[in-house]
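Everything quoted here is computed from the prediction, not taken from an experiment.
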Amino acid sequence: MTPFISSAKVIARLRVVRVVPVIVIDDADDAVPLARALADGGLACAEITFRTPRAAEALRRITAEVPDLFAGAGTVLIPAQAAAARDAGAQFVVAPGFSPAVVDYCQAHGIPVYPGVATPTEVEAVLATGITTMKFFPAEPMGGVAFLKAIAAPYVDVQFIPTGGINAGNIGSYLAFPRVVACGGSWMAPTDWIAAKQFDRIRDESRRAAEAAQGKATAVTV
Ligand code: 3PG
């Protein structure tokens, strides 16, 4: 099991990588080539979502074989998934919403956890747990950067990881808002590209994503 780093260190690292690839992986054999493609493209980070039965095994292989990739678990809906993520070496846990049971479990075990919010009431519920960095999901359907700035205004100490509908064309507008730690997204590694083993394509799109995140490129149509 990988020792956890503090939430402050996770956030510092995410502020450097700026893009968190959101990964849905069906075949654990794809995990390592996928991780290498992301890293080779300049995105040394991934959120492996617990939407498939092979998520924990995929995480285990990535943390064992591509240790430079900063790997967390996503779509963690129940404490058992947080436990599986911890055992597989995940460095952080992300969720689309706020599950008090998941947050309690992660806090009890020292696992950095970033629950999802989309309303002021949800921000306040998460704040009550002591967590000040939250996923903002689903970012674009909720109203994008304008909505995020409005919801962020009253909560001056809260930082966000917007996810949902973000791509190389709009990521710059999110990252320009100082209260955004990083943005999540699946556009550089969609499930069908992974299933088709198009790892060179994923590497190339990751490179464009990394360049867009650093302000070195303009919109790219995928
Ligand atoms: C998530 O789980 O965070 C989202 O499904 C990712 O959103 P995207 O597929 O629109 O990037």
Side-chain angles (χ1 to χ4, degrees), residues 4-22 45-47 49-50 70 72-79 81-82 85 90-187 209 212-215 219:
F4 291 113
I5 60 176
S6 69
S7 183
K9 286 185 177 165
V10 170
I11 292 162
R13 194 149 172 192
L14 294 180
R15 273 202 177 268
V16 172
V17 300
R18 307 244 79 187
V19 184
V20 182
V22 174
C45 181
E47 172 190 325
T49 60
F50 274 64
F70 191 49
T75 323
V76 173
L77 306 181
I78 56 174
Q81 291 171 327
Q91 292 283 4
F92 58 91
V93 159
V94 182
F98 170 42
S99 159
V102 167
V103 168
D104 285 352
Y105 182 91
C106 289
Q107 290 185 324
H109 292 82
I111 307 170
V113 57
Y114 308 105
V117 297
T119 69
T121 301
E122 292 161 5
V123 172
E124 291 179 27
V126 174
L127 267 179
T129 70
I131 293 170
T132 56
T133 299
M134 308 172 194
K135 176 167 173 165
F136 168 51
F137 177 79
E140 280 291 298
M142 286 301 296
V145 179
F147 183 97
L148 176 61
K149 287 182 176 172
I151 199 176
Y155 309 111
V156 294
D157 294 324
V158 176
Q159 308 183 93
F160 297 92
I161 304 169
T163 307
I166 296 175
N167 54 48
N170 60 15
I171 190 169
S173 62
Y174 284 92
L175 294 177
F177 183 34
R179 285 222 262 133
V180 169
V181 172
C183 290
S186 65
W187 81 92
Q214 301 302 330

### Message
Does anything in residues 97-124 form a ring-ring contact (aromatic ring centres under 6.0 Å, His included)? List the pairs, not counting sequence neighbours.
### Response
Y105-H109

### Task
Would you mind listing every ring-ring contact (aromatic ring centres under 6.0 Å, His included) that reaches into residues 159-182, with sequence neighbours excluded?
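For residues 159-182, and leaving out neighbouring residues, there are no ring-ring contact (aromatic ring centres under 6.0 Å, His included) pairs at all.
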
Closest contact, heavy atoms only, [X] versus [Y]:
| X | Y | value |
| --- | --- | --- |
| I11 | V181 | O-CG1, 3.8 Å |
| A209 | V19 | O-CG2, 4.2 Å |
| A82 | V76 | N-CG1, 3.6 Å |
| A85 | A73 | CB-CB, 3.4 Å |
| P112 | I5 | CG-O, 3.3 Å |
| P178 | A176 | CD-O, 3.3 Å |

### Query
If only atom types and distance count, is the side chain of R15 paired as donor or acceptor with the main-chain N or O of A182 below 3.5 Å?
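Here the side-chain-to-backbone pair does not exist.
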
### Query
So, the side chain of N170 versus the backbone of G144: is there a donor-acceptor pair under 3.5 Å, distance only?
no

### Task
Provide the full list of salt bridge (charged side-chain N to carboxylate O under 4.0 Å, His left out) pairs with a residue in residues 137-157, sequence neighbours left out, each pair given once.
none

### Query
For F136, which residues count as a ring-ring contact (aromatic ring centres under 6.0 Å, His included) partner, sequence neighbours excluded?
F147

### Query
Of all residues at least two apart in sequence or in a different chain, which pass the side-chain hydrogen bond (donor to acceptor under 3.5 Å, both in side chains) check with S99?
none

### Task
Applying side-chain hydrogen bond (donor to acceptor under 3.5 Å, both in side chains), name anything that partners T163, two or more places apart in sequence or on another chain.
none

Can you tell if the side chain of [X] reaches within under 4.5 Å of the side chain of [Y], non-hydrogen atoms only?
| X | Y | answer |
| --- | --- | --- |
| L175 | Q214 | no |
| L148 | P162 | yes |
| V93 | Q81 | no |
| V113 | I131 | yes |

### Task
Test side chain to side chain contact (heavy atoms under 4.5 Å, CB included) on M134 and I161 and set out the steps.
CA-CA 6 Å; M134 308 172 194; I161 304 169; over 6 Å; no

[atom1]/[X] to [atom2]/[Y] distance, rounded to the nearest 0.5 angstrom?
| X | Y | atom1 | atom2 | value |
| --- | --- | --- | --- | --- |
| C45 | L14 | SG | CG | 5.5 Å |
| T49 | L77 | OG1 | CG | 10.0 Å |
| Q107 | S7 | CD | OG | 9.5 Å |

Quick one: side chain to side chain contact (heavy atoms under 4.5 Å, CB included) partners of [X], sequence neighbours excluded?
| X | value |
| --- | --- |
| P138 | P141, M142 |
| T119 | T121, E122 |
| E124 | Y155 |
| R13 | F70 |

### side-chain hydrogen bond (donor to acceptor under 3.5 Å, both in side chains) contacts touching residues 125-139 (sequence neighbours left out)
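Qualifying pairs, neighbours excluded: T133-Q159.
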
### Task
Output, in order, the C-alpha distance, side-chain angles, deciding distance and verdict of side chain to side chain contact (heavy atoms under 4.5 Å, CB included) for I166 and W187.
CA-CA 8 Å; I166 296 175; W187 81 92; 4.2 Å; yes

### Message
As a quick check of understanding, evaluate side chain to side chain contact (heavy atoms under 4.5 Å, CB included) for V20 and V94, giving each step before the final call.
### Response
CA-CA 11 Å; V20 182; V94 182; over 6 Å; no

